[in-house]
Chemist: 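To start, I am sharing the structure in question, which I have written as structure tokens.
Counting convention: from 1, in listed order, for ligands and their atoms alike. For reference, positions follow the sequence shown, starting with 1.
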Amino acid sequence: LRETKNVSFNPPIQNTGIDLHQKIRVCVRKRPLSRKELNMGEKDIAPVTGPHTVLVKAPRTKIDMTRFTEQYSFTFDDAFDCTSTNEQIYNRTARPLVDYMLQGGKATCFAYGQTGSGKTYTMLDLQHGLYVLAAKDIFNRLGQKKYSHLTASIGFYEIYQNKLYDLLNQRKGLVPRNDGNNNVVIAGLTEVPVKDVNRLMHTFEFGSQARMTGKTGANNNSSRSHAVLQVLIKSVDKPSAIYGKLSFIDLAGSERGADRGEETSTTTRREGAEINKSLLALKECIRALDQDQKHAPFRGSKLTQVLRDSFIGDSRTCMIATISPNMSNSEHTLNTLRYADRVKEIKGESDPRLL
Ligand code: ADP
């Protein structure tokens, strides 16, 4: 009789059924109706009807002013309903990227959606965001003999109005450069070596505080900046080179400033224009992934400039489109899903060397 072993904490990645040759995966996550929305009698107008499909019902008016409801259907690699937990989502989004990074790859996981749709909750929630689950997974694996030659460190910065600020060093301004070897170097970015989950979470919390308190004026909040948490893996015998890299991005809200119901000051308009520009550049770069990468418009914004090495070559990307379930956000939901749908068209299969 063969000995039965306990089920390991990290089942082999193949068990997730995810095709690791796929360069980009696009998933959608719907948050639950909030208490306020429920009290207002709002209904869920975006049912997840299968493991890959979400429907959106949006109110429309005909020329003769009669009203009707139009239904739109979208299909993605995964569609997560409001009952899905971050753990379930982790297994099908960031987890394959952690595995890939520990094999020496570069990867990016980002959340895209309107403000209030659950980007931060999914990616960078202090208690159970995907980054916490990834940290647990990473340190669990680095504790194994197979990975004992690898060390981890983190960098954390934000991009606000097309400028970079170091969240681990008093929001100091930073400038990204290309080192000529397809690596993006952000000169002066603080890199904190982390040996365990607690240290990583502590460092992250410190940076999050800087993100919250660094803004001045009532109109500034974190939905106007992109936050990038990067985990760098290095080999002890080659500490100057990056072995693997995984970036978690909590993007700025995808809606326009005026849609937030705020007064449109010059600053708000400028912020909105920068955000739209960077999100458009991001889409264009992703779309260029399986075409002529040399001519992808990475220089179009700081966001794409810093993410360049996560997108070119044999990198992996996972996009999580976050949506709200209620009727009053149906147009934002449709816009998010249309953006995701265009990103999804990229199905570049890549060199399986690393797998
Ligand atoms: P965003 O980062 O897109 O602006 P947040 O992540 O801050 O949105 O989410 C807005 C609110 O909704 C927060 O109070 C958050 O706790 C809640 N929320 C978002 N997603 C979920 C979810 N899947 N389950 C429960 N609450 C959620």
Side-chain angles (χ1 to χ4, degrees), residues 26-40 42 44-48 54 76 78-94 109-134 156 158-160 167 204-205 207-209 211-215 218-229 247-262 268 271-272 275-276 278-279 282 303 318-337 339-340:
V26 182
C27 307
V28 58
R29 179 189 208 180
K30 183 182 68 176
R31 71 159 168 79
L33 283 161
S34 68
R35 193 178 294 257
K36 194 173 156 205
E37 288 160 350
L38 284 168
N39 287 342
M40 286 165 70
E42 290 234 44
D44 182 348
I45 53 89
V48 171
V54 61
F76 296 104
D78 277 301
F80 299 108
D81 207 351
C82 51
T83 51
S84 299
T85 63
N86 273 12
E87 281 78 8
Q88 287 165 335
I89 292 169
Y90 173 72
N91 279 332
R92 302 198 53 83
T93 56
C109 185
F110 69 92
Y112 177 98
Q114 82 178 109
T115 301
S117 59
K119 294 184 298 298
T120 308
Y121 183 90
T122 304
M123 300 299 290
L124 298 181
D125 180 83
L126 288 175
Q127 300 304 321
H128 45 85
L130 295 191
Y131 95 93
V132 182
L133 302 175
F156 190 23
E158 73 175 335
I159 306 171
Y160 175 66
L167 292 174
F204 173 76
E205 218 168 313
S208 296
Q209 290 291 331
R211 191 180 182 203
M212 302 304 286
T213 56
K215 309 286 170 65
N219 276 339
N220 280 326
N221 64 46
S222 55
S223 65
R224 262 75 171 284
S225 72
H226 308 299
V228 183
L229 174 73
S247 303
F248 289 94
I249 316 175
D250 180 8
L251 288 174
S254 57
E255 72 286 353
R256 284 163 198 274
D259 290 342
R260 293 187 186 107
E262 298 160 349
T268 329
E271 279 174 347
I275 293 168
N276 290 343
S278 59
L279 295 178
L282 180 63
L303 176 68
C318 181
M319 169 181 180
I320 304 172
T322 55
I323 58 169
S324 306
N326 55 331
M327 180 69 89
S328 41
N329 285 320
S330 60
E331 287 309 315
H332 290 306
T333 297
L334 274 175
N335 285 340
T336 297
L337 295 175
Y339 184 104

Chemist: Under the rule for side chain to side chain donor-acceptor pair (under 3.5 Å), what residues qualify as partners of Thr122, not counting sequence neighbours?
Modeler: Arg29

Chemist: Suppose we screen for side chain to side chain donor-acceptor pair (under 3.5 Å). Which residues come up paired with Asp78, at least two apart in sequence or across chains?
Modeler: Arg25, Arg92

Chemist: Among residues at least two apart in sequence or on other chains, which ones pass side chain to side chain contact (heavy atoms under 4.5 Å, CB included) with Leu126?
Modeler: Tyr131, Phe204, Glu205, Ser208

Chemist: Please say which of Asp250, Leu251, Val228, Leu303 ends up in a side chain to side chain contact (heavy atoms under 4.5 Å, CB included) with Phe110.
Modeler: Leu251

Chemist: Mind checking whether Cys27 and Phe76 have side chains closer than 4.5 Å, heavy atoms only?
Modeler: no

Chemist: Will you find, in the side chains of Ser278 and His226, an N or O donor that is under 3.5 Å from an N or O acceptor?
Modeler: yes

Chemist: For a quick check: using heavy atoms under 4.0 Å, what are the residues in contact with ligand 1, sorted by chain and number?
Modeler: Arg29, Arg31, Pro32, Gln114, Thr115, Gly116, Ser117, Gly118, Lys119, Thr120, Tyr121

